[in-house]
Amino acid sequence: MEPIIAIVLALIGYALGSAKLVNQGNEALVERLGRYHRTLSPGLNFIVPLVDQIVMEDTTREKFLDIKPQNVITRDNIYLEIDAVLFWRIKDMVKSFYEIDDLEGSLSQLATTTLREIIAQNTVEETNISRAEMDTAILNQLNQTTADWGVEILRLDIQSITPPESVRKSMEEQRAAEIKKRALISEAEGEREAAIKRAQGTQTSMQIISEALRSHPESKEILRYLVAQDYVVASQKLGESNNAKIVFVDPSKTNEVYDQLIADSIVQENSGRKSQNGGA
C-alpha cells in the first residue's frame with residue numbers, strides 16, 4: 001500500500017512541477033539543458049521538471065518608455081530640451097531575450113541617440129513646425145535597428161520642446177509681428193474693397209440719374225431738390241467741425257449751381273460710356 005501512495009504522490013508532484021500557467025497576453029521561453037527549447041503560449045502548458053526551465057516570461061502587449069529630458073543642439077546651434085515618450089511591443093520573444101541583454105536600457109539609449117541625430121539636422125523653427133515629420137523619421141530609423149531585437153517601435157511622441165528663454169522671447173516677438181502684419185493686410189484689403197464698392201455705387205447712381213434726365217427732362221426739379229437736400233446735410237456736418245469754413249451761396253444763383261452739378265454728372269456719365277465703348 002505504501003509504494004502505491006508514494007507513486008501517487010510522486011505523480012502529483014510531477015504534475016504540479018510540470019504544469020505552467022501563462023497569462024493571456026504573455027509568452028514564456030523554455031530552455032532544456034541550457035538551450036532554447038520552445039515558447040509557451042497563454043494557457044496551461046507542461047514542461048519536464050529538472051530538465052526544462054522557464055528563463056523568461058514577458059508581455060507582448062504595448063509598453064511605453066519615458067525618455068528623460070535631453071539637451072539637444074539644432075542645426076543653427078541652439079540648445080533645446082526635448083521630452084519624449086516611446087511606445088513599443090515585443091514581436092519575437094526569442095530575439096528580445098537572446099539578441100540583446102538589457103532591452104529597455106538599449107531602447108532608451110537608441111531612442112535618445114536617434115532623437116539627437118534627427119533634431120541636429122533641423123533648425124529651431126523647423127523643429128517646431130515639422131514635429132510630426134520628425135516623429136516619423138525617428139520611428140523609421142529606430143525600427144531598422146530594433147527589428148533585430150524582435151521589437152517593434154509603434155510611435156515616438158515628442159511631448160515638449162523647450163528652447164532657451166532668449167530664443168523663446170524672440171520667437172514670441174516674431175509671432176506677434178506676423179499676427180500684426182496679417183491684421184494690417186486684412187484691414188487694407190477691407191478698405192480697398194469698401195472703396196471699390198463705394199465707387200461702383202456712385203457710378204451706378206450717376207447712371208440712373210443721367211438715364212432719368214434723358215428720359216424725363218421734367219425730373220430736373222426733383223434732382224434739384226435732392227441736391228439741395230444733400231447740400232444742407234453736408235453744410236450741417238461741416239458746421240459741426242471745429243476747423244470748418246462755411247461757404248455761402250447766393251440764393252439767386254442756386255439754380256445755376258444745381259444746373260452745373262447736373263450737367264457735370266451727365267458729362268461724367270457720357271465720358272464713362274465712351275471709355276467703355278473704346279475699351280470694347
Side-chain angles (χ1 to χ4, degrees), residues 22-29 36 39 41-42 55-182:
V22 179
N23 295 327
Q24 182 67 37
N26 289 7
E27 289 182 356
L29 299 182
Y36 168 73
T39 301
S41 57
V55 294
M56 176 188 179
E57 181 177 349
D58 204 346
T59 181
T60 57
R61 292 171 292 181
E62 183 177 337
K63 301 180 183 181
F64 76 92
L65 183 63
D66 187 17
I67 307 299
K68 295 181 179 179
Q70 302 290 324
N71 289 324
V72 183
I73 187 170
T74 62
R75 192 177 66 191
D76 47 354
N77 297 321
I78 301 297
Y79 281 93
L80 302 176
E81 186 178 78
I82 308 296
D83 187 13
V85 177
L86 183 70
F87 294 88
W88 61 284
R89 69 184 182 91
I90 296 175
K91 291 189 67 178
D92 190 327
M93 192 70 67
V94 177
K95 286 184 177 181
S96 69
F97 183 73
Y98 290 105
E99 297 296 332
I100 190 73
D101 185 17
D102 182 0
L103 180 58
E104 291 197 5
S106 299
L107 287 174
S108 178
Q109 292 298 324
L110 179 64
T112 300
T113 303
T114 306
L115 188 64
R116 289 176 176 174
E117 179 182 348
I118 296 296
I119 291 181
Q121 300 173 7
N122 296 273
T123 63
V124 173
E125 185 176 0
E126 293 170 345
T127 301
N128 283 281
I129 294 175
S130 58
R131 188 177 301 188
E133 288 79 0
M134 283 196 308
D135 290 347
T136 303
I138 294 171
L139 188 65
N140 294 334
Q141 191 163 332
L142 287 174
N143 275 315
Q144 292 177 4
T145 301
T146 59
D148 295 332
W149 301 347
V151 171
E152 179 185 15
I153 307 299
L154 301 175
R155 61 189 180 278
L156 185 138
D157 294 338
I158 299 177
Q159 294 183 313
S160 63
I161 299 177
T162 307
E165 182 64 28
S166 58
V167 176
R168 186 162 58 249
K169 183 177 180 181
S170 176
M171 293 172 65
E172 290 175 354
E173 292 176 352
Q174 182 179 0
R175 283 195 293 268
E178 290 176 353
I179 293 172
K180 184 178 180 180
K181 178 182 177 181
R182 288 196 295 269

I'd like to know whether Q141 forms a side chain to side chain contact (heavy atoms under 4.5 Å, CB included) with E117, so could you lay out the CA-CA distance, the side-chain angles of the two residues, the decisive distance to 0.1 Å, and finally the verdict. CA-CA 10 Å; Q141 191 163 332; E117 179 182 348; 3.1 Å; yes

Which pair of heavy atoms, one from S108 and one from L65, lies closest together, and at what distance? N-CD2, 3.6 Å

To the nearest 0.5 Å, how far apart are CE in M134 and CG in L139? 13.5 Å

Within residues 55-82 or reaching into it, pairs that qualify as salt bridge (Lys or Arg N to Asp or Glu O under 4.0 Å) - sequence neighbours excluded: D58-K63, E62-R155, R75-E126

Donor-acceptor check, side chain of D157 to backbone of Q159, threshold 3.5 angstrom: yes or no? no

Check whether any side-chain heavy atom of I158 lies under 4.5 Å from a side-chain heavy atom of D83, and answer yes or no. no

With side chain to side chain contact (heavy atoms under 4.5 Å, CB included) as the criterion, how do V22 and E27 come out once you've worked through the C-alpha distance, each side chain's angles and the decisive distance to 0.1 Å? CA-CA 7 Å; V22 179; E27 289 182 356; 5.6 Å; no

Does T59 use its side chain to pair, donor to acceptor, with the backbone of G25 at less than 3.5 Å? yes

Is N122 reaching over with its side chain to a backbone N or O of I118, donor-acceptor style, under 3.5 angstrom? yes

For I82 and L115, the nearest pair of non-hydrogen atoms, with its separation, is CG2-CD2, 3.5 Å

With under 30° as parallel and over 60° as perpendicular, where do the rings of Y36 and Y98 fit, or are they tilted in between? perpendicular

I'd like to know if the side chain of N140 and the backbone of T136 have a donor-acceptor N/O pair within less than 3.5 Å. yes

Give, for atom CZ of R89 and atom OG1 of T146, the distance between the pair rounded to the nearest 0.5 Å. 11.5 Å

Close side-chain approach of I153 and L107, heavy atoms under 4.5 Å: yes

Under 4.5 Å between any side-chain heavy atoms of E152 and N143, yes or no? yes

Distance col, row N71:CG vs Y79:OH, nearest 0.5 angstrom, shows 8.5 Å

Can you confirm whether L142 sits close enough to L156 that some side-chain heavy atom of one is under 4.5 Å from a side-chain heavy atom of the other? yes

Between side-chain atoms of residues 99-106 and protein atoms elsewhere (two or more places apart, or another chain), which donor-acceptor pairs fall under 3.5 Å?
| unit_1 | atom_1 | unit_2 | atom_2 | d |
| --- | --- | --- | --- | --- |
| D102 | OD1 | G105 | N | 3.2 |
| S106 | OG | D102 | O | 2.7 |

Heavy atoms of L86 and W88 approach each other most closely as O-CD1, 3.9 Å

Given side chains that start at C-beta, do those of S96 and K91 come closer than 4.5 Å, heavy atoms only? no

